Amino acid sequence: MGQTDMFKLVQHLIVQDDGKLPPIPDCLYAYIMAGNGVFLYAKRDDLEVLIPVSRATIAGLPTLEPFVSMPRVPAILMHHILQASKENLPNEILFWFNFDRDQQVWNLDAPLQFCRPASVFPADKNDPLGIKALIDLHSHALMDPFFSRIDNKDEQGFRIFAVIGKVNGKPEIIVRVGVYGNYWNIPASMIFELSEEIRDAYYGKGEVDYDETNIEEENFSEEQIISEEVTELDILLLDETTRVE
């Protein structure tokens, strides 16, 4: 079997003359060159994205506009996220969102997890709900929302990532698309129906690089804290159309 017949994980394509995306073969993701730079295209169930990778002017090619296409998360779930984040203070807390295509509703899961004031991770990193999650959101307790170098190392999949911070004051949320180690910060309103109590930190705030390991007095590895108490949230039913686990 020749190389042209084999499934290629990564495709390299060029925008069509009419400015539309080219036909995209089965692949993990595709680089697409356009008149305004290079973009990264990826698609999975309920999520399709085109994110900028490198800005440039390439003469003779039409331009492309980046986009994110997926169902929006209702405000009732964001209110629940905020309340649970407050109740879990002074520690952070982790949530996974999965979309039920048949029922057209979002399922929200707070897995069994290890929580600290400046870190959180699931007890089982191979939990199927976490592996397939469409959105990964964690709180930053009393701190600002930001994506740290630790987040960049851990968040290597293809999904939406979000952080909600200052939960006991004036809560803020920051959101980005992650495509296998490539990121694009986006307005939270593209993904979430935000309640009035949560501010979108995308606006009026520059991109800041933090290292969460410097926030705590000591650095803790997973092995060092594995014996700590594990947080497991109660199952709550918000309404007839939104199941929260």
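Everything numeric here is computed off the predicted structure, so don't read it as measured data.
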Within the 4.5 Å heavy-atom criterion, are [X] and [Y] side-chain neighbours or not?
| X | Y | answer |
| --- | --- | --- |
| P111 | L94 | yes |
| K43 | I24 | no |
| D127 | L112 | no |
| I81 | F192 | no |
| I160 | V177 | yes |
| I51 | P66 | no |
| M33 | F39 | no |
| L108 | W96 | no |

Are [X] and [Y] in one and the same hydrophobic cluster, where Ile, Leu, Val, Met, Phe, Trp and Tyr link if side-chain heavy atoms are under 4.5 Å apart?
| X | Y | result |
| --- | --- | --- |
| M78 | L82 | yes |
| L64 | Y31 | no |
| L134 | L28 | yes |
| I173 | M190 | yes |
| W184 | L40 | yes |

side-chain contact (heavy atoms from CB on, under 4.5 Å) for L61 and N36? Distances and angles first, verdict last.
CA-CA 8 Å; L61 291 179; N36 53 339; over 6 Å; no

Heavy-atom donor-acceptor pair, [X] side chain to [Y] backbone, under 3.5 Å:
| X | Y | result |
| --- | --- | --- |
| N182 | V179 | yes |
| Y202 | S189 | no |
| Q113 | A123 | no |
| S195 | A75 | no |
| Q103 | F99 | no |

Evaluate side-chain contact (heavy atoms from CB on, under 4.5 Å) for N168 paired with L142, printing each intermediate quantity in order.
CA-CA 6 Å; N168 214 29; L142 302 178; 3.7 Å; yes

NZ of K86: more than 12 outside heavy atoms within 6.0 angstrom?
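Atom NZ in K86 is packed in, count exceeds 12.
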
Report the distance from atom [atom1] of [X] to atom [atom2] of [Y], rounding to the nearest 0.5 Å.
| X | Y | atom1 | atom2 | value |
| --- | --- | --- | --- | --- |
| K170 | R199 | NZ | CZ | 10.0 Å |
| N107 | L129 | CG | CG | 8.5 Å |
| S85 | N91 | OG | CG | 11.5 Å |
| C115 | E92 | SG | CD | 8.5 Å |
| L47 | R159 | CG | CZ | 10.5 Å |
| I191 | F97 | CD1 | CZ | 10.5 Å |

Given the rule in the side-chain contact (heavy atoms from CB on, under 4.5 Å) test, do F147 and F161 qualify, once you have shown the distances and angles that lead to the verdict?
CA-CA 9 Å; F147 294 107; F161 297 99; 4.0 Å; yes

With sequence neighbours excluded, residues passing salt bridge (charged side-chain N to carboxylate O under 4.0 Å, His left out) with D45
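Here the qualifying residues are R101.
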
Y29-Y180 aromatic ring centre distance below 6.0 Å
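Centroid separation for Y29 and Y180: below 6.0 Å.
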
Which is it for I174 and H140 under the side-chain contact (heavy atoms from CB on, under 4.5 Å) test, yes or no, and what are the steps along the way?
CA-CA 11 Å; I174 190 168; H140 266 187; over 6 Å; no

